[in-house]
Structure formats: C-alpha cells, structure tokens
Participant: 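Below is one structure. I have some questions about it.
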2 protein chains.
Amino acid sequence: MRDETAIISYVNKFVKLSPPEAEALLSAFQKVVVKKRQSIIQPDFPAPYRYYVLEGAMRAYVAAENGQEHTISFAIEDWWITDYNSYLYQQPATMFVTALEDTIALRLSHVKEQELKAQNPKFETFFRIIAERGLAYQQRRIIINLTKTAEARYGDFLDKYPLLAQRVPQYTLASFLGMTTEYLSKLRKRMGSKKT
Amino acid sequence: MRDETAIISYVNKFVKLSPPEAEALLSAFQKVVVKKRQSIIQPDFPAPYRYYVLEGAMRAYVAAENGQEHTISFAIEDWWITDYNSYLYQQPATMFVTALEDTIALRLSHVKEQELKAQNPKFETFFRIIAERGLAYQQRRIIINLTKTAEARYGDFLDKYPLLAQRVPQYTLASFLGMTTEYLSKLRKRMGSKKT
DNA sequence: AAAACAGGTTAATCTAGTTCAATAAAAATT
DNA sequence: AATTTTTATTGAACTAGATTAACCTGTTTT
C-alpha cells in the first residue's frame with residue numbers, strides 16, 4: 001500500500017524539496033478513494049481538481065451523441081489526470097474521468113495550486129516541468145495518430161505500455177487508439193504470434 | 001513591420017514585466033530571417049531553439065517513408081514553434097520546421113531559456129503558462145481527431161482559423177487535419193455553399 | 001443457481017477515406 | 001512571355017476500418 005508520501009518522491013524527481021517544503025506540498029493535497037466505475041469529473045461541471053494516482057487506474061473519456069466513448073487518457077500509479085481545459089481555465093468539463101479499478105488518489109484544487117506556486121517558485125518550476133512533459137507526450141501521440149495505421153498504433157502501445165495494455169478493458173484501449181473494439185479484436189487475432 | 005518588441009507585449013499578457021525585465025528577456029532572443037521553403041529544424045539534428053514568429057508562417061511536419069508529409073503544427077504571428085521532444089529533452093529531432101512564407105522570427109536557445117528561468121521566477125511562470133496552454137490546446141486537438149469525421153474536422157478548422165485556412169497551402173492543411181489533399185479537395189467541392 | 005451485466009469475439013456487409021493517374025490552374029523562375 | 005515548379009482538382013478503383021448483430025464467457029447481483 002503506497003501512502004501519500006509517494007508524491008513527495010515523485011516531485012523530488014523534478015525539484016529538490018526540503019522537509020518543510022515537502023510538508024507544505026503534502027498539506028495542499030487531499031486523499032480520495034474512488035470505487036471502480038465511479039466518476040470524479042463529469043461534463044458540464046467544472047473540474048476543480050487535478051488528481052495524482054496513488055493506487056489504481058482511471059481514464060478520461062468523452063461520450064459522443066451516439067453513445068460511443070473516446071478515451072483521451074489513462075492514469076495509473078504516479079500519473080496525473082484531469083480535464084485540462086476545464087481545470088486550467090476553470091470552465092465546464094467536456095470529459096468524464098472515471099475509475100477503472102478501485103483507486104486511491106491525491107487531489108489538488110486549482111486554488112491550492114495557485115497558492116503553492118505563489119508561495120514558492122520551486123512549485124512553479126514543478127508544474128512547468130510536468131506541463132512540458134505532457135506537451136511533449138501529446139505531441140508524440142498526435143504524430144502517431146496522424147502517421148500510423150490502427151495495427152501499428154496498437155503494436156506501438158504494446159511496446160510502450162505492455163502492463164497497461166493488459167490492465168485496462170480492451171474496449172477502452174481501442175477507443176484510446178482510435179479504433180473500434182471489434183477491429184482491435186480482429187487485429188489481436190491477426191497479429192497472433194508476433195506480439196503478446 | 002512588427003519589430004522584436006512584439007514579444008514584450010506578448011509576454012506581458014501573461015506576466016507583467018518591468019522595463020529592465022523586458023530588456024533581459026529581449027536580450028535572450030536572436031532575430032532570424034527565414035526564406036520560404038527553408039528549414040530551421042531537421043530530423044536527426046537536435047533542435048537547440050524554440051521560435052516565436054514575428055511575421056510570416058511556418059509549419060512543423062514529419063515525413064513518412066513513402067514521402068507523405070504529416071503536418072504537426074502551424075505557426076503565424078505570435079505563435080511558437082519547435083519540435084518539443086527535441087527541444088525540451090535535447091534529443092535529435094524527428095520533424096522538419098519549415099517556412100511557408102518568408103518569415104521573421106525570434107529564436108530562444110535552450111541554454112538561454114534555462115538562464116532566464118533561473119534568473120527570475122516570472123520567466124518560469126511565463127514558460128509554465130505557455131506549456132499549459134499548449135497542453136490544453138493539444139488535448140482539444142486529440143479529442144477532435146478521435147471524435148470527428150474528416151468533414152467535421154475541416155469545418156471546425158474553418159470556424160476557428162478562417163484566415164489561416166486561406167493562408168496555408170491546402171495540402172498542408174489536409175495533412176494537419178489527417179486526410180489526403182485529394183479528399184479535402186472533394187470535401188470543399190461537396191460543402192460548397194455552406195462554408196467559405 | 002438463475003438472472004443480469006460487463007467484456008470480448010466473430011462474420012457479413014458497408015462506407016469514409018485512400019490510392020493512382022491524369023489534368024488543370026497558379027505561381028515562381030528564366 | 002515562355003517554361004518550370006508547385007498546388008489543386010477530378011474520377012475510377014480500392015481498402016482499412018466501421019457497423020450491425022449475434023453469440024460467448026466470466027463475474028456480480030439477486
């Protein structure tokens with residue numbers, strides 16, 4: 001069982017915190033327990049928090065008119081998740097963020113985040129770094145989506161996130177990769193031996 | 001003719017700079033003139049700079065084996081452009097960044113950027129803000145790519161960037177939107193009256 | 001232990017978007 | 001102003017991937 005100090009080690013990978021700084025950071029977060037299938041962010045409501053996953057798995061998705069779901073992101077241990085357009089600009093969300101497993105997360109409110117950054121430039125640096133990492137990650141994802149076939153996207157995901165691929169329901173993975181469940185099922189059969 | 005002080009007004013929209021701070025900022029940039037079709041970033045070479053466009057237009061794209069080009073981003077006046085995975089992590093680029101028109105830009109080296117941020121937390125704040133804006137923008141783009149048809153993506157782009165849509169070659173727009181030039185041409189004919 | 005639900009597979013049919021190839025129209029270069 | 005290069009259009013043939021619908025399996029819930 002990981003406790004909330006996991007986030008201290010995590011932040012320390014990017015900026016070195018003194019014990020009082022670590023304490024200040026920790027006190028800005030609240031621990032939340034989310035049962036499988038429960039949503040912590042819903043369309044039309046603002047998303048006042050960003051979430052750091054301590055244990056478990058979540059996903060962010062948008063629901064289309066016809067009932068289709070499109071997974072925008074996953075988050076497991078040490079990953080962050082929220083609807084960034086809602087959180088950063090404090091506007092109504094367009095996404096759901098829902099637990100794929102029973103999950104324990106630390107949430108940080110938008111207000112507390114501003115306080116942290118105002119209080120200590122190290123926190124400003126930290127949030128700058130994770131925003132840049134997110135930016136670079138998403139640019140890679142956009143490139144993959146524009147350039148690769150469904151089969152190549154799946155193969156690529158398997159290479160990069162073999163454990164995650166086994167951990168999340170296949171229909172969420174298909175919708176993350178931009179294809180239907182049925183087609184992913186066909187691909188898996190066709191690829192058979194080559195990949196796990 | 002916009003001169004380099006344009007970037008001062010731009011940064012001032014996010015963080016308020018005193019005259020000496022503005023001076024410090026400006027001195028970190030170098031003005032560069034890029035002729036149409038000239039590349040400032042190429043695959044396999046690191047991208048030591050990020051670019052702020054003063055005048056003109058550029059695009060970032062990846063070239064596939066078969067000769068296809070996939071446009072990752074555009075930049076016109078007041079926009080930034082670079083290969084973020086190369087610039088942020090100082091690794092070899094995978095993209096080209098090339099001028100679509102004769103362009104004047106201000107470039108900031110990775111080294112200078114670190115100096116600015118170390119020197120003054122306001123700059124740290126500024127780069128945090130533009131990274132977050134980029135993140136939110138890219139999350140919107142990923143949603144559009146996953147959820148909309150080619151026709152809807154084009155309509156959407158026309159609504160949001162009507163001037164840009166007329167300014168860049170259509171094949172670059174098609175490749176940005178994730179479709180072939182031929183298909184975009186067909187869409188335009190089909191949509192005819194509805195949209196400009 | 002039956003019923004209900006969530007997740008996954010299979011196969012037939014269909015279509016949005018690609019490919020290929022030729023042509024046309026603009027724009028840049030001589 | 002003629003030639004070359006770049007950009008855009010058109011149509012026919014094709015295919016990666018979607019849709020529909022039925023079925024299967026394991027897991028919760030009653």
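All chains are named by letter (A, B, ...) in the order of the sequence lines, taking the proteins before the strands, and each is independently numbered beginning at 1.
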Participant: Within this structure, what is the OH-to-P distance between A/Y171 and D/dG17, rounded to whole angstrom?
Facilitator: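 Value for this atom pair: 23 Å.
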
Participant: For the pair made of CD in A/E151 and C1' in D/dA16, what is the distance, rounded to whole Å?
Facilitator: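 The distance from CD of A/E151 to C1' of D/dA16 comes to 11 Å, rounded to the nearest Å.
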
Participant: Describe, in one word, how the ring planes of B/F176 and B/F74 are oriented to each other, choosing from parallel (under 30°), tilted (30 to 60°) and perpendicular (over 60°).
Facilitator: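 Plane angle between 30° and 60°, so tilted.
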
Participant: Between A/R107 and A/I40, is there a side-chain heavy-atom distance shorter than 4.5 Å?
Facilitator: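 No, every pair of side-chain atoms sits at 4.5 Å or beyond.
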
Participant: Which residues pass the side chain to side chain contact (heavy atoms under 4.5 Å, CB included) test with B/R133, sequence neighbours left out?
Facilitator: A/Y89, B/F14, B/I129

Participant: First and last nucleotide of DNA chain C touching chain B, 5' to 3', heavy-atom cut-off 4.0 Å?
Facilitator: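 Result: C/dA16 to C/dA28.
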
Participant: Below 4.0 angstrom from OP1 or OP2 of D/dA16, is there any side-chain N or O of A/R190?
Facilitator: no

Participant: Would you tabulate the nitrogen or oxygen pairs shorter than 3.5 Å linking the protein to nucleotides 18-21 of chain D?
Facilitator:
from, atom 1, to, atom 2, distance (Å)
D/dA18, OP2, A/T180, N, 3.2
D/dA18, OP2, A/T180, OG1, 3.2

Participant: Considering heavy-atom distances to DNA chain D, does B/K36 or A/A150 have its closest nucleotide positioned more toward the 5' end?
Facilitator: B/K36

Participant: Run the ring-centre check on A/F29 versus A/Y52 and record whether the distance is less than 6.0 Å.
Facilitator: no

Participant: Any ion pair linking A/E124 and B/R128 (charged N to carboxylate O, less than 4.0 Å)?
Facilitator: yes

Participant: Looking at A/D102 and A/K36, does any basic side-chain N land under 4.0 Å from a carboxylate oxygen?
Facilitator: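 No, this pair does not count.
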
Participant: Do you know the tightest heavy-atom contact between A/A165 and A/L158?
Facilitator: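 Taking A/A165 first and A/L158 second, the nearest heavy atoms are CB-CD2, 3.6 Å.
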
Participant: Would you kindly give the CZ-to-C1' distance between B/R188 and D/dT9, to the nearest whole Å?
Facilitator: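 Nearest whole value for this atom pair: 10 Å.
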
Participant: Salt bridge or not for B/E77 and B/R167, using N-O below 4.0 Å?
Facilitator: yes

